[in-house]
2 protein chains.
Amino acid sequence: MDLSERKLKILQAIIADFIRTAEPVGSRTLSKNYDLGISPATIRNEMSDLEELGYLTHPHTSSGRVPSEKAYRLYVNQMMNKHELTMEQKCSIAAQLNDNVTELENMVQRAAHVLSEITNLTAFAMTPRKDLDTLKYINLLPVDDYTAVLMLVSESGKVSNKAVRFDKAVSEETLRILAKTMTYNYRGKTLSEALTQDIIEDVQTDAEAMGMLENNIKPSFVKTLEDMLNVNLYMDGLTNIFSLPEYNDLDKARMFLEMVNKKEDFTKTLINRENGVIITIGNENQDELLSDCSVITATYHVNGKQLGKIGVIGPTRMQYDEVTSVIEYLTDNISKAFMITGGDGDDES
Amino acid sequence: MDLSERKLKILQAIIADFIRTAEPVGSRTLSKNYDLGISPATIRNEMSDLEELGYLTHPHTSSGRVPSEKAYRLYVNQMMNKHELTMEQKCSIAAQLNDNVTELENMVQRAAHVLSEITNLTAFAMTPRKDLDTLKYINLLPVDDYTAVLMLVSESGKVSNKAVRFDKAVSEETLRILAKTMTYNYRGKTLSEALTQDIIEDVQTDAEAMGMLENNIKPSFVKTLEDMLNVNLYMDGLTNIFSLPEYNDLDKARMFLEMVNKKEDFTKTLINRENGVIITIGNENQDELLSDCSVITATYHVNGKQLGKIGVIGPTRMQYDEVTSVIEYLTDNISKAFMITGGDGDDES
DNA sequence: GTTAGCACTCATCAAGTTTGAGTGCTAATC
DNA sequence: GATTAGCACTCAAACTTGATGAGTGCTAAC
């Protein structure tokens, strides 16, 4: 059933007011502050209908109305106007973002910062998944007789490394052979393929060297690959929630911070989201703990291939229009910055 | 002036009680729960003296006494008994810490975790400063015609890298020469020396190559060096403060979290602390913002040279004895683990 | 269909009251 | 002279009470 023009107008006014004030909205306030041309009593009747239809709720009998998740969903889908950023805002954002960029990690981190500053919410930014990246070469650099550094370099220029310890002294010559063997076996494989593929025996390597490969190098190799595959998650504006009336209760603030601090869980949640601009409201979120939050994410791309995400998390009462615009502007900027030369030679500092 | 035996006993009891309950301690409670053998009235007289001497304070006229910073200082210096960890505690800590260690970063991070779990405070762990580490080799790995990865390897096995973009296409041969020149110039220099030393002209490099060194590589080189020098700070148990009555006020909790979130400032504060087990109470802390916190840090060493720190931050009311024991046990463990082979081939994942 | 009017509800706030844990002082006791 | 019992006093915290006001639903008039 479609809502009448008037009901839509009233609902929109309630949502706007509630997003601004965080207070339940009453019929009198509505008729006074919004140019609806009808009396409070009529508004009450309409609100009663809207409540029956599930768009509004009532904290208690004699309080104003609060938009439900269903209302926010309707608002986001149909009623939200495109919010244009001012020229100053755009310039300021671009300036902060592009100042002396050399690395994606850096820029992405700054995006989270800018986003949290503008929206006054908790922002996050995720570096791209490297699924399609392939191994280019593998090196073993001697440190002392028993220790070396295993170094992997990918086609896109990502470098990652870990220490390897050997049971016995190993010569530089042996290290070179081992590295050569590994490069021969893994070159051109994607990172995820390399994770599953076993080290193949090679004519040049003897039994002893093979043992080292299996027992000493393999664990570090796997960990390094996982490091390269893993996305990094930057968060900013965690303490912004203290300014929101929704979290002016210690328990709620605590729960929020504890949830967000579990970075691994949160990263998984993010990875599973679709690409593009995605808004999930309250219980639409998979994660039980996010059931009274809204999450907005958008995707940026590096070289048109690898995809990363940035976004915000906050109460269901948020400025969906403004936040969405800012996020979109940020992702556009990042995508542009890393389009031409494919400068994704990021490291993990 | 020295305190009488009895005053010391009373003060100790007050401190013990206050650390446990966080409530001002009254004379009746004291005489009931502690075997002091004197009546509340006598205790009141003694407490009055102790207050005059600056060891106790009075939140308001008719409330119990609270230990002052001076009292905590006295307690820590003279009255605190050595708290022995139980065998189970030790085993549990050692197990969590040493499970499958390959890297210092990893172990240090886990130390912060264990520490925050046991103490229910906010714990932190700082990786060692690399001042004494020297450069071993410098490499430039081609990514595409305009991009390379600059890689530095130090004597201790630390590897760090950053992307370099060139104004024009650069051949692999050129990269090799550039890397060779840099290695020649910087090998054996400590990281901090390398930061200040300029690139010296070399017979093998022509003017064009020199220009690239200056304009394209230098910025990345400096950043990479700074990355290698920089300590990493891991924090854990941030939300533990929500369980403390000291922070059951939103503003206080917020201030604490905002302070601790400024990692750079906090790192500087930590670096400036002396080595060994250091306890600073309230206003003894340099940082204004820490004026109602106590901080305990201890130092671990890697190979007897590089020094890192771990510690906790919490209200001045904390279990100084227990916390100190745990921190000491942790630093001992880390130092032991990284003593023999000097396996500090950490990276920055 | 719309609106004015009215009785009712309920969170919030301020003012007053009670309670109890604490103190300091004084006079009696050891 | 040191210790203690007794008592008047203080003050935060918890509870009570009543007023206020923003809100509702319902009904009857427009």
Side-chain angles (χ1 to χ4, degrees), chain A residues 3-11 13-18 20-68 71 245-246 248-250 252, chain B residues 3-11 13-15 17-18 20-68 245-246 248-250 252:
Chain A
L3 295 177
S4 71
E5 187 78 6
R6 195 168 71 179
K7 281 198 173 58
L8 278 176
K9 248 182 161 172
I10 292 175
L11 189 55
I14 293 173
I15 292 173
D17 208 73
F18 186 74
R20 198 169 47 81
T21 65
E23 294 292 329
V25 188
S27 55
R28 240 180 78 80
T29 326
L30 223 48
S31 98
K32 243 194 305 183
N33 302 336
Y34 295 83
D35 199 23
L36 297 168
I38 44 178
S39 77
T42 313
I43 296 176
R44 280 206 283 284
N45 289 331
E46 294 286 42
M47 293 206 294
S48 182
D49 290 353
L50 283 168
E51 181 161 4
E52 214 163 281
L53 293 166
Y55 292 103
L56 295 176
T57 56
H58 234 181
H60 56 88
T61 338
S62 69
S63 80
R65 265 31 183 241
V66 171
S68 67
E246 277 83 354
N248 67 359
D249 168 7
L250 273 172
K252 286 196 191 126
Chain B
L3 296 177
S4 71
E5 187 77 9
R6 195 168 70 177
K7 281 198 174 57
L8 279 176
K9 247 184 163 173
I10 292 175
L11 189 55
I14 293 174
I15 293 174
D17 207 72
F18 187 74
R20 200 168 47 80
T21 65
E23 293 292 328
V25 189
S27 55
R28 240 180 78 81
T29 327
L30 222 48
S31 100
K32 242 193 309 183
N33 302 336
Y34 296 83
D35 200 22
L36 298 168
I38 45 179
S39 78
T42 313
I43 295 176
R44 279 206 284 285
N45 289 331
E46 295 286 41
M47 292 207 294
S48 182
D49 292 353
L50 283 168
E51 182 161 3
E52 214 163 282
L53 293 166
Y55 292 104
L56 296 176
T57 57
H58 235 182
H60 56 87
T61 337
S62 70
S63 81
R65 266 27 182 242
V66 171
S68 67
E246 277 83 354
N248 68 0
D249 168 8
L250 273 173
K252 284 191 192 130

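These figures come from a predicted structure and were not determined experimentally. In the text below, chain A, chain B and the rest are named by the order of the sequence lines, each starting its count at 1.
In this view, A:E23 satisfies the salt bridge (Lys or Arg N to Asp or Glu O under 4.0 Å) rule with no residue, not counting sequence neighbours. Every salt bridge (Lys or Arg N to Asp or Glu O under 4.0 Å) that B:E246 has, sequence neighbours left out, goes to B:R317.
Taking a 4.0 Å limit (strictly below) on heavy-atom distances, residues 29-36 of chain A does not reach DNA chain C anywhere.
Residue-to-nucleotide proximity on DNA chain D shows that, of B:P59 and A:E51, the 5′-proximal contact is made by B:P59. For the pair B:I38 and A:A41, nearest-nucleotide mapping onto DNA chain D gives the more 5' position to B:I38.
You'll find that the side chain of A:S48 is closest to D:dG25, out of D:dT3, D:dG25, C:dT3. When the nucleotides C:dA4, C:dT23, D:dT24 are ranked by their closest atom to the side chain of A:H58, D:dT24 comes out on top. Taking the side chain of B:S62 as heavy atoms from C-beta on, and the options C:dT3, D:dG25, D:dC11, the nearest nucleotide is D:dC11. Closest approach to the B:R44 side chain among D:dC11, C:dT3, D:dC7 is made by D:dC7 (side chain taken as heavy atoms from C-beta onward).
Summary for the helix from C:dG1-D:dC30 to C:dC30-D:dG1: the axes at its two ends, each from 5 pairs, differ by 20° when rounded to the nearest 10 degrees.
As judged by a 4.0 angstrom heavy-atom cut-off over every strand, B:T61 is placed among residues touching the sugar-phosphate backbone only.
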Taking only nitrogen or oxygen atoms into account, show me every contact under 3.5 Å that the protein makes with nucleotides 26-30 of chain C, one pair per line with its distance.
none

Show the distances under 3.5 angstrom between N or O atoms of the protein and N or O atoms of nucleotides 28-30 of chain D.
none

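The side chain of B:S27 contributes an N or O atom lying less than 4.0 Å from OP1 or OP2 of C:dT23. In this model, the phosphate group of D:dC11 is not approached by any side-chain N or O of B:S63 to a distance below 4.0 Å at OP1 or OP2. Phosphate contact (OP1/OP2 of D:dG23, side-chain N/O of A:R65, threshold under 4.0 Å): absent.
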